[in-house]
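Source: prediction; values computed, not measured. Chain letters run A, B, ... following the sequence lines, proteins first, then strands; residues in each count from 1.
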Amino acid sequence: MEEFTIFVFLRKRFRGIWKTYWIRPLLYLGGTFFIAVTLAWLLERETNPQLSSWSGTLWWGFVTATTVGYGDQVPITNGGKIAGVFLVIAGLSGAGLLSGSIASFLVSQKIREGRGVRDLSKTKNHFLILGWKKDMEKVLTDILDSDPKLTSSELVIVGHPEQDQVDVIKAGERFSDLVFIRGDYTSESVLKRVNPREARKALIVADDAQGGQASEVDSRTILASISLHALAPNIYTCAELLNQSLERHLKNADVNEILYSREYSRAMLANSAVSNGFAAVMHDLMSPASGVRMRTWKVPEELIDHPFSEVAEHFRSQVGGIAIGILENTGNENIMRQEALLEAQRTPDARRLVENLRKVKEIVFNKPILGPKADYPVKSHSMMIVIENHNLDKEIAA
Amino acid sequence: MSNALAIEELSEGIGSVEEILHSLKLFKGIDGFEEVHSDLCAMFELRSFSLEERLINEGETGDSLFVLCRGKVRILKTTITGDEYRVVDLDGAEHAYFGEMALLTADKRSASIMALEEVGCLVATREKFDAFSKKNPLFAIEVVKRIAVRMAEHLKRANEDNATLYQALIEEVSSGKHS
């Protein structure tokens, strides 16, 4: 009974191997090699002491087929020499077959990469972008410009654009090692492939490459957030939302930051109608090329719970930036919630406890306090919102 | 532990034990204070505590009443998770007293009390109070009444707290989805 199953097992494996493209040429070449060696041995053994044993002739065959030709063994008979010729031909063909297979394998890998088929199970700390925008190249350029430490190899994009769009972007020097996966970015099975648990951050853009109304685009965004968080509940997510009325759904999907791109555009239009030069201000703040940056800074340990004016002065003297406000409740949401819960319990009064617990429930993460009073305390888990002008450094340097 | 030298020092700083006891809400205005005052003072022992020494530990069974005479103390409680926090700081000048329920029954302490500096306290045990009560039952009854009133207040407060928590819990569950 045991033999039967082994036989069946072997036959199954064997059938699979028979179908590969290299097995038959390999067998032909192998067969030729061994037949040639044996023939040479038969012909030479009587008269040639160098090729009298079959194993010795086998060695000569190997040295000949690989064209090494040490010269310590040489056929004397004509038949032996002819066998040698066949060995060389077989050997050269075999070498060609080997290097050809390797090259073909590597090329097909590269093509699959370009097409968006790749194994990312080992990737860590990557920046995920879900969705494709018509002006994707500009978006990517801006992303890389705004963070000098970010490299294109850390970007992983999942989307469904036209292939030639991807090719054009990847042909550019800056984005040649960008990782692109083709697929439906709202589906869990596709997202699983990009290892979201190990990603540092995810950005879900309003995908306009596939067309559709704003509500359709937003629905895809919401679906993508839900799928993403099903796979990686703790991943920090920013999502672009076109229609503000759908924000509740996005919040339910545990998105950390929502970018209301259309609202902002409208707000800018409205503002320029009212005040002059507002657009120029926004341009300088937003554009990486202007040299002006608005960014958040971690508050030094020793300045926690100190008044805003004091912390602002610290940043002015140390960093040369102007603090315009505080971003409260930043960082790991779970840790903050735990700390707040512990703090809430530090009272013997039941009424105060209930109040404290309610406040914990209502914590707003990443809450900006712009233009606070001078004595407003900078609490722990806060960051300072600072505007820096890097053009000034150049002046000093010059 | 009572230290003879320390007691002398303390006694000087404290003033009359009788005056202190007379000012406490526990004993103030009870008829016949004059007659019992020597027995009452004898009930108390003067004890000193050094910095960070604990007078009372939360959760322990107590058997003594403490009257703070000199120095500052801190009242500490622990949360369910074992996190200890400060409730309030008290000064000896206010002559605060705690643990009076221990005079009546083995009382589980609801908070810890830690000395913030050199502290002097008058301490009376349940045993001594029992002896005092047998000798001066009428006075003792008044004292017991006042303790009972205080206990009733605590009970009322506990019931109110219960109602608060009950209410909050119901609201929580009925509000359903989390944020």
Side-chain angles (χ1 to χ4, degrees), chain A residues 222 225-226 229-230 233-234 236-237 239 241 244 246-258 305 328-368 379-381, chain B residues 54-60 62 73-90 96-101 107-114 150-179:
Chain A
I222 294 168
S225 328
I226 294 175
H229 280 273
N234 290 328
Y236 192 91
T237 331
L241 196 65
Q244 191 169 12
L246 296 174
E247 71 178 338
R248 193 165 48 93
H249 302 290
L250 215 48
K251 287 196 174 140
N252 280 341
D254 280 337
V255 165
N256 299 86
E257 288 183 40
I258 304 180
D305 287 326
E328 289 188 335
N329 298 331
T330 61
N332 186 316
E333 297 190 2
N334 288 329
I335 291 180
M336 276 195 283
R337 215 176 243 130
Q338 285 303 319
E339 280 183 24
L341 266 174
L342 284 176
E343 188 57 38
Q345 292 172 62
R346 293 167 132 236
T347 171
D349 183 350
R351 218 161 298 163
R352 187 96 56 80
L353 174 68
V354 171
E355 228 179 85
N356 289 349
L357 290 175
R358 287 230 171 88
K359 286 210 194 103
V360 173
K361 272 192 78 180
E362 288 159 11
I363 288 182
V364 176
F365 294 103
N366 290 332
K367 181 168 145 188
K379 309 185 189 119
S380 74
H381 295 293
Chain B
R54 301 231 167 181
L55 288 69
I56 290 179
N57 280 307
E58 189 176 354
E60 270 179 1
V73 297
R74 174 166 292 172
I75 316 251
L76 300 157
K77 282 192 73 118
T78 33
T79 63
I80 308 173
T81 43
D83 186 24
E84 202 177 44
Y85 62 94
R86 178 183 80 110
V87 178
V88 72
D89 287 350
L90 294 170
Y97 60 93
F98 7 82
E100 71 273 19
M101 270 169 257
D107 172 35
K108 208 158 168 211
R109 304 300 198 184
S110 58
S112 302
I113 304 186
M114 180 177 83
R150 188 97 172 261
M151 276 170 100
E153 277 167 20
H154 280 215
L155 196 54
K156 183 166 158 223
R157 183 64 185 297
N159 285 340
E160 282 171 6
D161 282 354
N162 245 359
T164 310
L165 294 173
Y166 204 81
Q167 180 76 357
L169 190 56
I170 291 177
E171 278 173 22
E172 260 315 294
V173 175
S174 63
S175 68
K177 303 186 201 91
H178 65 96
S179 53

- How would you list, in number order, the residues of residues 163-170 of chain B that have a heavy atom less than 4.5 Å from chain A? B:T164, B:L165, B:A168
- Query: What residues of residues 152-161 of chain B sit under 4.5 Å from chain A when you count only heavy atoms?
  - Reply: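 Residues B:E160, B:D161 are the ones that qualify, each having a heavy atom under 4.5 Å from chain A.
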- Please identify each residue that fulfils side chain to side chain contact (heavy atoms under 4.5 Å, CB included) with A:E339, with sequence neighbours left out.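 For A:E339 the side chain to side chain contact (heavy atoms under 4.5 Å, CB included) partners, ignoring immediate neighbours, are A:I335, A:H381.
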- Message: Is it the case that over 12 heavy atoms from other parts of the model lie below 6.0 angstrom from the CZ atom of B:R54?
- Response: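 Atom CZ in B:R54 is packed in, count exceeds 12.
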- Message: Quick check on B:R86: does its CZ atom have over 12 non-hydrogen neighbours (other residues, nucleotides or ligands) under 6.0 Å away?
- Response: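 Above 12, so yes.
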- Query: Could you state the interatomic distance from CZ (A:R346) to NZ (B:K77), rounded to the nearest 0.5 Å?
  - Reply: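 Rounded to the nearest 0.5 Å, the CZ-NZ separation comes out at 14.0 Å.
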- Mind checking what makes salt bridge (Lys or Arg N to Asp or Glu O under 4.0 Å) contact with B:E58, not counting sequence neighbours? none
- Note on the structure: Paired with A:Q345, the side chain to side chain contact (heavy atoms under 4.5 Å, CB included) test is passed by just one of B:D83, B:T81, B:T78, namely B:T81
